[in-house]
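Please read these numbers as outputs of a predicted model, since none were measured by experiment. All values below were derived from every heavy atom in this structure, side-chain atoms included, with hydrogens, water molecules and symmetry-related copies excluded. A note on names: the letters A, B, ... follow the listed sequences, proteins ahead of strands, and every chain is numbered from 1.
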Amino acid sequence: LEDPLIEQVVGGDAENELELNAEAHFASFVRRFGKSYRDADEHAHRLSVFRDNLRRARRHQRLDPSAVHGITKFSDLTPDEFRERFLGLRKSRRSFLKGISGSAHDAPALPTDG
Amino acid sequence: LPTEFDWREHGAVGPVKDQGSCGSCWSFSTSGALEGANYLATGKLEVLSEQQLVDCDHECDPSEPRACDAGCNGGLMTTAFSYLAKAGGLETEKDYPYTGRNSACKFDKSKIAAQVKNFSTVAIDEDQIAANLVKHGPLAIGINAVFMQTYIGGVSCPYICGRHLDHGVLLVGYGSAGYAPLRFKEKPYWIIKNSWGENWGESGYYKICRGPHVKNKCGVDSMVSTVTAIHTS
């Protein structure tokens with residue numbers, strides 16, 4: 001994704017702070033969401049995923065400046081783990097449209113003026 | 001069309017729930033839409049069961065026989081409405097509580113709390129979506145959730161967002177302009193109830209921009225369905 005033309009410049013030091021203090025952020029994340037990991041290796045792995053997600057949140061903030069993005073309860077999951085465990089919509093829109101085009105279930109157009 | 005509308009202010013939206021580590025978003029979207037429709041038909045807000053859909057709904061889509069509802073492994077709201085119309089209806093959360101795991105069906109017909117009269121799919125037209133929302137109650141919708149993993153609050157309006165749908169949620173209202181903290185711009189938005197608990201987003205809710213300049217952001221307008229419930233006195 002190329003950087004957007006108009007880029008919201010959040011204070012540079014805030015970004016570096018996130019990286020530099022990833023471990024401190026991770027510790028407060030673990031406390032805040034009551035996370036527990038089976039052993040030191042898992043903990044280390046989750047910390048590295050968390051660090052990636054800090055960068056991902058920063059990229060999302062740039063791409064989506066009218067919202068606030070940051071650390072959520074999903075910040076120790078890779079995007080694939082997040083999709084597999086917390087989504088669950090089974091079909092693509094394309095096959096959905098194929099299913100409904102001209103189907104008995106099309107909603108009648110409702111008046112929207114006046 | 002009212003410039004703003006929010007079914008939460010009219011008592012048609014149940015509490016925010018948490019699907020846990022289970023791909024059952026589609027059942028929360030389905031039950032939320034039926035809760036609203038049932039409220040409009042009976043005047044009572046019954047909090048309905050997702051677990052009955054997870055355990056018992058294995059309905060397949062007529063246009064794609066291999067795409068069947070499969071509990072924690074995914075499903076689709078319109079096939080869930082079909083299942084409910086055939087099965088007779090949906091029990092309450094209390095009678096059929098959520099466990100977040102696939103298990104054997106324990107549906108008890110005598111405990112049906114809400115019945116589906118019919119369901120419809122709405123065209124990709126934001127005025128029609130708003131009109132169906134106001135007329136039929138909260139709508140079951142699909143969305144691309146890529147920006148939701150890191151979402152904390154505000155009106156999401158990504159410059160670039162895929163439109164392939166991977167998450168099912170509930171559209172409960174719309175606002176005319178939300179304050180965008182970093183952009184100092186007002187943006188009209190949809191109000192979306194999610195199923196990741198109250199400690200995600202804005203107390204469990206998500207706002208995404210709408211309007212002629214940002215149509216169908218993250219695919220939000222492209223899989224919208226309404227359901228009407230059978231009126232019982």
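Taken from CD in A/Glu84 to CG in B/Asp166, the straight-line distance is 12.0 Å, to the nearest 0.5 Å. Rounding to the nearest 0.5 Å places OH of B/Tyr159 at 8.5 Å from CG of A/Asp64. The structure places OG1 of B/Thr150 at 11.0 Å from CG of A/Leu54, a figure rounded to the nearest 0.5 Å. The distance from the CG atom of A/Leu87 to the CD1 atom of B/Ile143 is 11.0 Å, given to the nearest 0.5 Å. To the nearest 0.5 Å, the span separating CD1 on B/Ile152 from OG1 on A/Thr72 amounts to 7.0 Å. Considering OG1 of A/Thr112 and CG of B/Asp125, their distance stands at 7.0 Å, rounded to 0.5 Å.
Your options are B/Pro62, B/Pro158, B/Ala130, B/Gly74, and the one with the most heavy-atom pairs under 4.5 Å with chain A is B/Pro158. Contact tally against chain B (heavy-atom pairs below 4.5 Å) for A/His69, A/Arg56, A/Glu81: the top residue is A/His69. The choice from B/Cys157, B/Gly168, B/Ala123 that makes the most heavy-atom pairs within less than 4.5 Å of chain A is B/Cys157. Between chain A and the residues B/Gly197, B/Gly201, B/Cys68, the largest count of heavy-atom pairs under 4.5 Å involves B/Cys68.
The shortest non-hydrogen separation linking B/Ser120 to A/Asp106 is CB-C, 4.4 Å. The heavy-atom pair separating B/Asn73 from A/Arg90 by the smallest distance is O-NH1, 3.4 Å. When all heavy atoms are compared, the tightest approach of A/Arg85 to B/Gln19 is O-NE2, 4.3 Å. Pairing each heavy atom of A/Ser66 with each of B/Ser156, the nearest pair is OG-C, 4.2 Å.
Each of B/Asn144, B/Val169, B/Leu165 was scored for a side-chain contact (heavy atoms from CB on, under 4.5 Å) with A/Leu89, with one residue passing: B/Leu165.
The aromatic ring centroids of A/Phe82 and B/Trp196 lie less than 6.0 Å from each other.
Contact annotation for B/Asn194: neither backbone nor side-chain heavy atoms come within less than 4.5 Å of a heavy atom of chain A. Interface remark: B/Gln149 contributes backbone and side-chain atoms alike to the contact with chain A (heavy atom separation under 4.5 Å). Interface residue B/Ser21: backbone and side-chain heavy atoms are both found under 4.5 Å from chain A.
Aromatic ring orientation, A/His60 versus B/Phe147: tilted (interplanar angle from 30° to 60°).
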